[in-house]
> 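Dropping the structure in here first, questions after.
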Amino acid sequence: MSSSPEQQVARAVQAAVAELGVPDVGVRLERPKDPAHGDWASNIALTLASRLRRPPREIAAELAERLGALDGVAAIEVAGPGFLNFRLDAAAAGSALRRILAQDAGYGRSDQGQGRRIMVEFVSANPTGPLHLGHGRQAALGDAIANLLEWTGWIVHREFYFNDAGRQMDRLAASVRARCLQALGVDEPVPEDGYHGEYVAEIARALLEEVRQAPAAETHSDAASVPPLDAMRRFAVARLRKEQEMDLEAFKVRFDQFYSETSLYDEGRVEATVRALNDTDLTYRQDGALWLRTTSFGDQKDRVMLKSDGSPTYFLPDVAYHLSKWERGFRHVVNVQGADHHSTVDRVRAGLQALGRPSGYPEYVLHQMVTVERGGQEVRFSKRAGSYATLADLVAETGAGVARYFFLMRRPEAHLTFDLDMALDPSDKNPVYKVQYAHARLCRLLALDREQDWGPAAPAGRPSEHARAELSRLTHPLERELAGQLAEFPGFVTRAATSRAPHLVCGYLEKTAGLVNSWYQAGHPSRRPDLAALVRDEPVRTARLALVQAARIVLRNGLTVLGVPAPSRMHRDADAPPAGGGSA
RNA sequence: GCGCCCGUAGCUCAGCUGGAUAGAGCAUCGGCCUUCUAAGCCGAGGGUCCCAGGUUCGAGUCCUGGCGGGCGUGCCA
C-alpha cells in the first residue's frame with residue numbers, strides 16, 4: 001500500500017526535526033479546524049520551543065526552509081504562534097480518494113491488533129428478568145467495541161456471562177412458586193425480596209400449562225401439585241435466557257459464547273480457586289468467614305470469599321470465571337459493565353493478582369446509567385418488567401439501528417439521556433437518519449449516473465471509471481474539505497478502538513454527513529447546476545462521482561462498524577417507518 | 001466519611017498526545033425549491049468551559065483544594 005500524502009509529509013517533517021538535533025520526537029499531523037489553515041498542520045515547533053530554547057516561530061521557519069519543496073505539497077506556511085501549515089496540491093488531495101476506492105469495504109481497517117486474541121464480555125445479564133435499557137447500552141457498546149477491535153486487527157471473542165447460581169436463583173424460584181399458587185387461587189404473596197414483575201406471572205402460567213400437558217401422573221392442578229422449587233428455577237432460567245437471546249437477536253447482537261456460572265461449580269473451578277487462594281498467605285478467618293486480603297492490591301477493604309455458612313460470595317465465582325478467561329488464552333479482556341458494578345473491579349483484579357495475574361487484568365469499560373425522555377419528561381416503559389424499562393420495548397419503538405446509534409452517541413462514562421422524540425423523528429434532525437440519508441443520497445447519485453445516457457463518448461460511471469478519475473478536478477472548497485474529511489476515517493477507527501470509544505465514530509459520521517449534505521446542496525440544480533455531481537462535463541463528473549463513491553464507502557463503513565445499517569434507499573412515506581431503523 | 005464518574009450555549013452533548021477565534025445537534029429567528037428526493041441547505045443570535053489557586057510560551061484539557069450531581073461503599077448479585 002502506498003503511503004498517503006499525510007504520511008509522507010509527516011515523515012519529511014520528522015526528518016527535518018532530526019536535522020535540528022532532536023531525533024526522538026514523534027511527529028503527528030492534525031487537520032486544522034479552519035480550512036484556511038491548510039490541509040494538514042503540525043505543532044511540532046511549539047512543542048520544541050522550550051527544549052530548544054528558541055521562539056517557536058523561528059523554529060517553524062527553519063523547518064519550513066529545510067523542508068523546501070515537497071512532493072504533492074503546494075505550500076508550507078508558518079502561521080499563528082508557530083504552526084506549520086501544509087496545503088496539498090489538488091492531485092495529492094485527491095489521492096486519498098483513490099485509496100478509499102481501492103480498499104472499499106476494507107477502508108478504515110488496520111492491523112494494530114496483529115491477529116492477537118481479545119475477549120469482550122458484555123451484557124452478562126442475570127437470568128432473572130428481561131433485558132433493560134442499561135443492558136441495551138451495554139449490548140450496543142460491547143458489540144461496537146468488538147467491531148472496532150476486529151477492524152483494527154484483533155481476533156475478537158464475544159462472551160455473555162450469566163449468574164445462574166446463588167441466592168438470587170432461590171428468590172426467582174420462590175417468586176415463580178408464589179405466582180403459580182396465585183394462578184391456582186391460593187393467596188400467596190411474592191416474597192419481599194423476590195421478583196415482582198408481571199413477567200414472573202407469565203412464567204408461572206407457562207409452567208403450569210406445561211405441567212398440565214405433561215403425560216406424568218400428577219396432572220391435577222392444585223396447590224399441592226406445583227412442581228418442586230428446583231424445577232421452577234430451571235424452567236424460569238431457561239425461559240428468561242431464551243427471552244434475553246431473542247431480545248439480543250432483535251437488537252442484532254450475537255455472542256460467540258454464553259458462559260454459565262453454574263458450570264464453574266460443576267467443573268470444580270470455584271473450589272479450585274478457593275484452594276489456590278488459600279495456598280497464598282493472603283487469606284484469613286474472621287467471624288467464621290474466610291477473607292481475602294484484597295487491600296494488599298488497592299481494594300478499599302478486605303473481602304469475604306466464603307461466608308460463615310460455608311457458601312461463596314459472588315466474588316469467588318467471579319475470580320474463577322476470570323481465571324477461565326486467562327486459561328482459555330485471553331491475555332486481553334475488555335469487560336463492559338454498568339458503573340453500578342464499579343466496586344467489583346478492584347476486588348476481582350485483587351483476587352486475580354493474588355494468583356499472579358497482572359494488575360490491570362481485566363480491563364473495564366464502565367458506562368453510566370440510561371434514562372429515556374419524551375417531551376422533556378422521563379418515561380418508564382414497561383409495566384411488565386416491574387420497575388425498569390425493557391430493551392425490547394425500546395427497540396420495538398425505534399428500531400434496532402436507531403437504538404444502537406443513540407446508545408453509542410455518548411461517551412460511556414457520561415450519563416445517557418435517550419431522547420425518544422428525536423429517536424422517532426424521521427427527518428435529518430435525527431442524527432442516525434442524517435447519516436443514513438446522506439449515504440442514501442450518494443447511492444442515488446450513483447444510480448442516476450448509471451441510468452443516464454451521457455452520450456457515446458461518456459461511458460457510465462463504474463468503479464473502474466472512478467478509479468481513473470482526474471481528481472485534480474475537485475477544486476471547490478467543499479469538495480476539498482469533504483475529501484480531507486474522508487481521509488481521516490481510518491484515524492478515527494483506530495482511536496475509537498484503542499480508547500474503546502465508539503462515540504468518536506458517531507461524531508465523525510455526523511460531521512461527514514454534514515459535509516456531504518452541504519456539498520450536495522450547493523450543487524443542487526436550483527442553485528449552482530455547475531457544481532452538481534451529474535454535470536455534463538465528463539472529466540469533472542467522473543471526478544465528482546469518485547468523491548461520491550468514496551464518501552459513500554466511508555459512511556457505509558462507519559455505520560457498519562457501529563452495527564447500524566446503511567440503506568441505499570430511505571422510504572419517503574410519512575406513515576411507514578424509515579427503512580434505516582433496522583427494526584426488521 | 002471514603003472511592004469511582006460527571007459538571008462546556010436555553011436543552012442533550014462533542015472537544016484526539018495541552019495549541020490558532022471553544023464546537024455540533026435540538027430549540028429560537030431570518031433567507032433558499034425551475035428536486036442530482038428540500039426528510040435538505042445557507043445565515044444569525046446565544047458561553048464567567050462549576051469556583052479558587054497552581055504548572056507553562058499556551059489550560060475546557062494536567063495538578064491541588066473546594067462546591068454541585070450520579071453511582072458505589074453487604075457474610076446481596
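Proteins get letters first, then strands, A, B, ... in listed order; numbering begins at 1 in each.
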> May I ask whether A/Phe83 stacks on the base of B/rA20, given the cut-offs of 5.5 Å between ring centres and 30° between planes?
yes
> If you count every heavy atom of other residues, nucleotides or ligands that lies below 6.0 Å from A/Glu451 atom CD, does the total exceed 12?
yes
> Closest-nucleotide mapping onto RNA chain B: is A/Pro431 or A/His341 further toward the 5' terminus? I mean the 5' end.
A/Pro431
> How long is the line joining CG of A/Asp428 and P of B/rC26, in whole Å?
9 Å
> Looking for any heavy atom pair under 4.0 Å, which part of the strands does A/Tyr520 touch: base, sugar-phosphate only, or nothing?
base
> Using a cut-off of less than 4.0 Å, is there contact between a side-chain N or O of A/Tyr314 and OP1 or OP2 of B/rG74?
no
> Does A/Arg28 contact B/rC16 through a side-chain donor or acceptor facing the base, at a distance under 3.5 Å?
no
> Pick the C1' atom in B/rG54 and in B/rC41, then give their distance to the nearest Å.
47 Å
> Is any side-chain heavy atom of A/Asn430 less than 4.5 Å from a side-chain heavy atom of A/Phe406?
yes
> With a non-hydrogen cut-off below 4.0 angstrom, is A/Asn85 in contact with a base, only sugar-phosphate, or nothing?
base
> Can you check the A/Phe418 CZ to B/rC26 P distance for me, whole Å?
17 Å
> How many Å lie between CZ on A/Arg527 and P on B/rU35, as a whole number?
12 Å
> Tell me whether the rings of A/Tyr508 and A/Phe489 are parallel (<30°), tilted (30 to 60°) or perpendicular (>60°).
tilted
> Between B/rU8 and B/rC13, how many Å separate the two C1' atoms, rounded to a whole number?
9 Å
> Calculate, to the nearest 0.5 Å, the distance between atoms OH and CG belonging to A/Tyr405 and A/Leu559 respectively.
7.5 Å
> Determine the interatomic distance between C1' on B/rC16 and the same-named atom on B/rG60; round to the nearest Å.
14 Å
> Looking at B/rU73, which nucleotide sits across from it as a Watson-Crick or G-U wobble partner, both distances under 3.5 angstrom, or is there none?
B/rG1
> Taking the six-membered ring of A/Trp291 as reference, does the cationic atom of A/Arg285 (NZ for Lys, CZ for Arg) lie under 6.0 Å from its centre and within 45° of its axis?
no
> For the P atoms, the ones on B/rG3 and on B/rA14, what distance do you get once it is rounded to whole angstrom?
25 Å
> Using the P atom on both, measure B/rG15 against B/rC5 and round to a whole Å.
16 Å
> Could you tell me how far B/rC75 sits from B/rG70 if I compare only their C1' atoms? Round to whole Å.
28 Å
> Could you tell me whether the side chain of A/Thr313 has a donor or acceptor atom within less than 3.5 Å of a complementary atom in the base of B/rC75?
no
> Pairing donors with acceptors under 3.5 angstrom, does anything connect the side chains of A/Asn163 and A/Gln168?
no
> Across all strands, who's sitting opposite B/rC11 as a Watson-Crick or G-U wobble pair, both distances under 3.5 Å?
B/rG25
> With the criterion being N/O to N/O and under 3.5 Å, what pairs connect the protein with nucleotides 7-12 of chain B, and how long is each?
from, atom 1, to, atom 2, distance (Å)
B/rU12, O3', A/Thr417, OG1, 3.4
B/rU12, O2', A/Arg410, NH2, 3.1

> Please give the distance between the C1' atoms of B/rC62 and B/rG31 as a whole number of Å.
45 Å
> Run the salt-bridge test on A/Lys434 and A/Glu510 with the 4.0 Å N-O cut-off and return the result as yes or no.
no
> Could you tell me which nucleotide pairs with B/rC32 by Watson-Crick or G-U wobble geometry, both distances under 3.5 Å, or answer none if nothing does?
B/rG40
> Is B/rC26 in the syn range, within 90° of 0, or in the anti range?
anti
> Do A/Thr152 and A/Gln112 get their side chains close enough for a donor-acceptor pair, meaning under 3.5 Å?
no
> Is the distance from OP1 or OP2 of B/rA77 to the nearest side-chain N or O of A/Asn163 less than 4.0 Å?
no
> Under 4.0 angstrom, heavy atoms only, what part of the nucleic acid is A/Ala414 near: base, sugar-phosphate, or nothing?
sugar-phosphate
> If you go through the side-chain atoms of A/His524, does one of them form a donor-acceptor pair with the base of B/rG40 closer than 3.5 Å?
no
> Provide the distance between the two P atoms, one in B/rC33 and one in B/rA22, to the nearest whole Å.
34 Å
> Would you indicate what A/Glu488 reaches in the nucleic acid, counting non-hydrogen atoms under 4.0 angstrom: base, sugar-phosphate, or nothing?
nothing
> Taking only side-chain nitrogens and oxygens of A/Lys301, does any of them come within less than 4.0 Å of OP1 or OP2 of B/rC2?
no
> Using a cut-off of less than 4.0 Å, is there contact between a side-chain N or O of A/Arg441 and OP1 or OP2 of B/rU37?
no
> Atom CD of residue position A/Glu378 - does it have more than 12 heavy atoms of other residues, nucleotides or ligands inside 6.0 Å?
yes
> If you check the A/Thr47 side chain, which of B/rG72, B/rG19, B/rG25 turns out closest?
B/rG19
> Assuming nearest nucleotide by heavy-atom distance, tell me which of A/Glu30 and A/Gly80 is located more 5' along RNA chain B.
A/Glu30
> So which nucleotide does B/rA59 pair with, by the Watson-Crick or G-U wobble rule with both distances under 3.5 Å?
none
> On the nucleotide B/rG15, are OP1 or OP2 found under 4.0 Å from the side-chain N or O atoms that A/His503 carries?
yes
